[in-house]
Amino acid sequence: MPRRAWLGWISTLLYLPLLYALGWLTLQPFAAAGLLSGWRPDQVALLGTALAFALLLLTLPLRLNTVWRERRPWHALGVAMGWGVGLRSLLRGLIMALLLLLLVVGVLLLSGQARWSGGLTPAEIVNAVLLILGVGFAEELVFRGWLWGELNQRLGWGPRADQRALIAQAAVFSLAHTRFNLGVGPMAGLLVGLLLLGLALGLQRRADGGSLWGAVGLHGGLVGGWFSLLAGPLQINPTVPLWLAGPGGADPNPIGGLLGWAGLAGLLWVRRRYW
């Protein structure tokens, strides 16, 4: 591989870790001064992640301008596509997420593996909206925005290169989210499910003409919707089969089970024209 290509891959691999390290280092003077003494470790880690994301937002335009030679960085990332396009894409993604959640919840209720115990409180609804917009936007900007385009740069342009980049970003997404302390079976289930989700989110962006907001709605809707269901009305049997609902017992991750696989496989089939 030419030296310039090696340097390009190194910059891609180090870009996010360096931003995360800078976010963590920024907190150290405050921690040393005792300003974070009342904070839990997970809260400090979340603040560091938020600072790293702020640095990402600040540096992305410069990176796309210098590395991608892109004059309209936010358009290339699928963010600045116009209010009408963005809103329609977001709603389509949310509808897809709702249908997938209905499949999972319906099967669990009909099979007796879960019961419905009420509705959502206003606080749980607000939390779901924040998860949809926060987690959905942040992760989609990283994986279906920056990473997909970055892999296109490294793998070369053209239909085949974009196809390789689509699969590669889904693989990286899967590895970045899989918990490796669950044992071989549950871990393999999550790897497969997350790979399918990464592909489905990529095809969602293609179906929306490059807009990132449909993937934001689909991803954020699944995360925010499922978290809110578990925190509120849906009570799942702790002995629910792992192969059906995924690992986690009474707090399962359906992405790692048959229900999640089936729903995502159906979504990929619906989006097959964009493959």
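Because the structure is a prediction, the values reported are computed rather than measured.
Between the side chain of S174 and the main chain of L191, a donor-acceptor pair closer than 3.5 Å is present. The backbone N or O of L203 lies less than 3.5 Å from no partner atom in the side chain of R271, so there is not a single donor-acceptor pair.
Contact annotation: the side chain of L22 never approaches that of L51 to less than 4.5 Å [non-hydrogen atoms, C-beta and beyond]. The side-chain heavy atoms of L77 and L212, taken from C-beta on, include no pair separated by under 4.5 Å. Using a 4.5 Å heavy-atom threshold, the side chains of R144 and L147 count as separate. Taking 4.5 Å as the limit, every side-chain heavy atom of W213 sits out of range of all side-chain heavy atoms of L87. In this structure, the side chains of H177 and E139 come closer than 4.5 Å at one or more pairs of heavy atoms. In this structure the side chain of L234 reaches within 4.5 angstrom of the side chain of W226, judged on heavy atoms.
Hydrophobic clustering (ILVMFWY, side-chain heavy atoms < 4.5 Å, transitive): L64 and V67 are in one cluster.
Taking all atoms of both residues into account, the shortest heavy-atom contact from I167 to L199 is CA-CD2, 4.1 Å. Nearest approach of L166 to W148, heavy atoms of both residues: N-NE1, 3.5 Å. Heavy-atom minimum distance, T12 versus R154: OG1-NE, 2.9 Å. Residues L151 and A168 come closest through the heavy atom pair CD1-CB, 3.7 Å.
Cation-pi geometry between R272 and W275 is not met: the NZ or CZ atom fails to fall both under 6.0 Å from the ring centre and inside 45° of the normal.
Look at E150 and R63 and you find a salt bridge, because one of the NZ, NE, NH1 or NH2 atoms lies within 4.0 Å of a carboxylate O, short of that distance.
Once rounded to the nearest 0.5 Å, the distance linking CG of L229 with CD of Q235 reads 10.5 Å. Here the CG-CD1 distance, from L130 to I125, works out to 12.0 Å after rounding to the nearest 0.5 Å.
Relative orientation of the H219 and F173 rings is perpendicular, given thresholds of 30° and 60° on the angle between their planes.
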